[in-house]
Amino acid sequence: MSTIKFQASTGPMSRHGRAVSLTISSVYAVFGFLWVLLAERILDRFVDDPETLTRFNSYKDWLFVTLTTIVVYFLVRLQTQTLERVSRESETRLRQVIDLVPHMIFAKDEHGRFILANRAVAEAYSAESPDTLTGKRQEDLHIEHGEVERMQADDDQVIQSGRPLSRPEQPFTDVRNNRRYLETNRIPFRISGSEEPAVLGVSVDVTRRRAVEQRLRQREELLALIIENAPTPIASADASGRLNSANRAWCEMLGYAEHELKYMNFREFTADDDVEASVDLLRKAMRGELDTYTIRKRYIRKDGEPVEVVLHNGVIHDENANPLILVSQAEDLTDRLRAEEEARVQQERLAHVDRLNIMGEMAAGIAHEVNQPLTAIVNRTSAARRRLDAGQIDLDRLKDSLNRVNEQAFRAGEVVRRLRSLIRSQGGMMEFSDVNELIREAMALADVDARIHDLYLDVDLGDALPAVLADKVQVEQVILNLMRNAIDAMEDVITENRVVAVRSFLSGDRFVEVTIADCGAGLAPEAAEQLFDPFFTTKPSGMGLGLAISASIIRAHGGKIWFEPRGIGDESASGTTFHFTLPIGPAEHDYAETWTEANEVH
C-alpha cells in the first residue's frame with residue numbers, strides 16, 4: 001500500500017509535519033515559561049556561591065536551548081514511531097479489505113506498470129502474491145495480445161482525458177486460458193508526492209451473470225418460437241384489451257396479418273352480442289378478482305365469417321402482485337362443431353336405417369294390424385250397399401254401420417300415423433316431453449309384435465313424472481327397440497308367464513328412469529361384454545345396430561343406459577332388465593349441470 005498515495009491525502013503521514021511543528025512550539029513555550037519562573041529560584045535555594053551563580057547566568061540561555069532540544073528530539077521521535085506504526089496498521093487493514101474484495105482492483109502508472117493489485121488480480125495471473133505484480137506491465141502477464149492492446153488503450157484514454165471510463169462485458173483470458181467477461185470501471189488520479197498521472201480500476205467478473213442472461217435469452221427465444229409455432233391460437237393483451245402479441249395460429253384463426261392485429265382491441269373482432277360479457281370479465285380480472293377464467297364467445301374474421309371459440313384466459317402479475325397483462329389461449333370450435341354436425345347427421349342416418357329395419361321386421365304384423373280395420377270397413381260398406389239396393393232403408397242401422405266404418409278407419413289411420421312418425425328421416429327439435437306418452441306411442445306399435453308372439457305387455461307408469469328435454473322420435477325409437485328385443489328374447493321360451501314389463505319412475509331428483517324387462521333365457525357372459533358395440537348381435541338375422549344406436553341416443557341426451565342380467569320379480573328368475581335414464585328438463589332442474597354430471601358417469 002505504501003506504493004500508492006493520493007496527492008490530496010490527509011492520512012497519518014500527512015499530518016506528521018503539522019504535529020512536529022506544534023510539538024516544538026509547545027515545548028519551547030512551556031520550557032521558556034518554566035525557566036523564567038523557576039530557574040533562578042532553584043539556584044538561589046541550592047547554590048550559595050555568588051561566583052557559581054554568575055557563571056550559571058552567563059550559560060543560562062545556552063543551557064535552556066540544549067535541554068529543550070533534547071526534550072523535543074525524544075518527543076518527536078516517539079511521535080514519529082507512533083505515527084509510522086499507525087500508518088502501517090492502517091495500510092495492512094486496507095490491504096486486507098482490498099484482498100477480501102472478490103473483484104479485481106488495480107492501479108497503473110502512465111507507463112502501464114502495476115502500482116497496486118489485490119489478490120483477485122494476482123489469482124487471475126497466477127502470481128504468488130499481489131506484491132509480485134508491482135512494476136510489471138500488462139504484456140508481461142497476459143497471453144492475448146489483442147486484449148492487452150485494448151486494456152492499454154483504455155488506460156491511456158483515462159489518463160489523457162482525465163475522465164472515468166466504463167466498459168461492460170469485455171472478454172478477458174487468464175493465464176489458464178479460461179475465458180471470462182469483465183465489467184471494468186476506471187478513474188484517473190495522481191500518485192502522491194509527484195505529478196505523475198495514473199489510473200485506478202475495478203473489474204467485476206460477469207461471466208456467470210452473462211451465461212445466466214444468455215440462457216434466459218435462449219429460453220425466451222425458444223418460448224417465443226414455441227408460442228409462435230404452436231397449433232393453439234395464443235395472444236396477450238393489456239388491461240384495456242388491446243393486443244400486445246398474437247401467434248401465427250391466432251392470425252390464421254381470424255384471417256389477419258400479425259401487424260394488423262397488433263394494437264387492435266379485442267372488441268374490434270368480437271361479435272356484438274359477446275362484447276359486454278367479455279369486457280365485464282376482463283375488468284374483474286384486472287381488478288384482481290379473477291386469476292383465470294374461461295368464456296365461450298364468437299369472433300368475427302376479417303372476411304366477416306363468425307368463429308366460435310372457447311377462450312381460456314390467465315392474468316400475469318408484476319412484482320407487486322398487480323395485474324399486468326392478460327394471456328389468452330383460444331380453442332377454435334369450428335372444426336369440432338363441423339365434425340359434431342357430421343356425426344349427428346350420420347347418426348340420424350343410422351337411426352333412420354334402424355327404424356326402417358324395425359319396420360321391415362314388423363311388416364307382417366303391421367300389415368295384419370292395418371288389414372283388420374280395412375276388412376271391417378269393406379264388410380260394413382258392402383252390407384250397407386246391399387240393403388240400399390234391396391230398398392231396405394233403415395236409417396238407424398245405416399248410421400250405426402257408418403260409425404263403425406269411421407272407427408275402423410281411424411284405427412287404421414293411427415297405425416299409419418305412428419309408422420310415418422317413426423320412420424321419418426330426421427328427428428325433431430329437442431323439446432319438453434312426457435316420457436309416459438313416448439312409452440304409450442312406442443307400445444302401440446310394439447303391441448302388434450306382442451300379439452303375434454302371444455306375449456303380454458305389462459305397463460306400470462309413474463304418476464306426474466317431470467318433463468324431460470328430448471327428441472321424441474329418437475327416444476321413442478329407443479323404447480320400441482328395447483321392447484322388440486325383449487319380445488325376441490322370449491321367442492323360444494315356453495312358459496305361461498310370457499310378459500314384457502315396462503316401468504317408468506323418478507330416479508333421485510335429477511333423472512327419470514325407464515326399465516324394460518323380459519323373462520327370457522338371459523345373456524351369455526361373452527355377449528354381455530360387447531352388447532352395446534356396433535355390429536354385434538345375438539340374433540341370426542340382426543344388423544347389430546339397434547342397441548349401439550340406442551346407447552348413443554341416450555348418452556347424447558345426457559342420460560345413461562345399462563342392463564342387469566336377471567329376471568322379473570325374484571332374483572333367481574331368468575331374463576334381462578334394460579334401464580335408461582333421461583335428465584329432467586331445465587324447467588325443473590339445471591339441464592346443463594345434469595348433462596355434465598351424466599357424462600362424467602360414463
| message | Does any part of the side chain of L200, heavy atoms only, come nearer than 4.5 Å to the side chain of L116, both counted from C-beta? | response | yes
| message | Is it the case that the side chain of D154 and the backbone of Q157 share a donor-acceptor pair, with hydrogens and angles ignored and the cut-off at 3.5 Å? | response | no
| message | Using modelled atom types and a 3.5 Å cut-off, is there a donor and acceptor pairing between side-chain atoms of N229 and backbone atoms of L225? | response | yes
| task | Quick one: pull up CZ in R298 and CG in D274 and give me the separation to the nearest 0.5 Å. | result | 5.0 Å
| request: Please confirm whether the backbone N or O of V202 pairs with a side-chain atom of N185, one donor and one acceptor, at under 3.5 Å? | output: no
| query | Backbone N or O of G314 within a donor-acceptor pair of the T292 side chain at under 3.5 Å? | reply | no
| said: To the closest 0.5 Å, what do you measure between CG (L243) and CZ (F269)? | reply: 4.5 Å
| Check against side chain to side chain contact (heavy atoms under 4.5 Å, CB included), S328 and W250 | CA-CA 10 Å; S328 300; W250 189 284; 4.2 Å; yes
| request: Determine whether more than 12 heavy atoms belonging to other residues, nucleotides or ligands lie under 6.0 Å from atom CD of E128. | output: no
| task | For D332 and T334, run side chain to side chain donor-acceptor pair (under 3.5 Å): C-alpha distance rounded to whole Å, both residues' side-chain angles, the deciding distance at 0.1 Å, then the answer. | result | CA-CA 6 Å; D332 188 348; T334 304; 2.6 Å; yes
| Donor + acceptor pair across side chains of T173, E147 (<3.5 Å) | yes
| message | Let me confirm one number: the CG-NE2 distance from D156 to H111, rounded to the nearest 0.5 Å. | response | 11.0 Å
| task | Pick out which of R137, R150, R186 makes a salt bridge (charged side-chain N to carboxylate O under 4.0 Å, His left out) with D155. | result | R186
| said: To the nearest 0.5 Å, what is the distance between NZ on K136 and OG1 on T134? | reply: 9.5 Å
| message | With a 3.5 Å distance limit and no angle check, can you tell me whether T581 reaches the backbone of K560 through a side-chain donor-acceptor pair? | response | yes
| request: Report yes or no: does D318 contribute a side-chain atom to a donor-acceptor pair with the main-chain N or O of L324 at less than 3.5 Å? | output: no
| field | Any side-chain heavy-atom pair of V310 and L333 under 4.5 Å | value | yes
| message | Between R209 and E213, does any side-chain N to carboxylate O distance fall below 4.0 Å? | response | yes
| request: Enter the distance from I105:CD1 to N118:CG here, rounded to the nearest 0.5 Å. | output: 5.0 Å
| message | With a 3.5 Å distance limit and no angle check, can you tell me whether H557 reaches the backbone of D471 through a side-chain donor-acceptor pair? | response | yes
| task | Could you tell me whether E183 and R210 have a side-chain N and a carboxylate O separated by less than 4.0 Å? | result | no
| request: Kindly check if the number of other-residue, nucleotide or ligand heavy atoms within 6.0 Å of CZ (R163) is above 12? | output: no
| field | Check: Y299 and T270 side chains under 4.5 Å, non-hydrogen atoms | value | yes
| message | So P188 and I159, do their side chains get closer than 4.5 Å, heavy atoms only? | response | no
| Should we say atom CZ of R179 is surrounded by more than 12 heavy atoms from elsewhere, each under 6.0 Å from it? | yes
| Donor-acceptor under 3.5 Å (R119 side chain, P130 main chain) | no
| Out of curiosity, T132 OG1 to Y125 OH, how far, rounded to the nearest 0.5 Å? | 12.5 Å
| request: Please check if the side chain of E268 supplies one atom and the backbone of N265 the other of a donor-acceptor pair under 3.5 Å. | output: yes
| said: Any carboxylate oxygen within less than 4.0 angstrom of a Lys/Arg side-chain nitrogen, looking at R283 and D280? | reply: no
| task | Using atom types as modelled and distance alone, determine if a side-chain donor or acceptor of N178 lies under 3.5 Å from a backbone N or O of A124. | result | no
| request: Answer yes or no: are there more than 12 heavy-atom neighbours, outside D303 itself, under 6.0 Å from its atom CG? | output: yes
| Will you find, in the side chains of S240 and D238, an N or O donor that is under 3.5 Å from an N or O acceptor? | yes
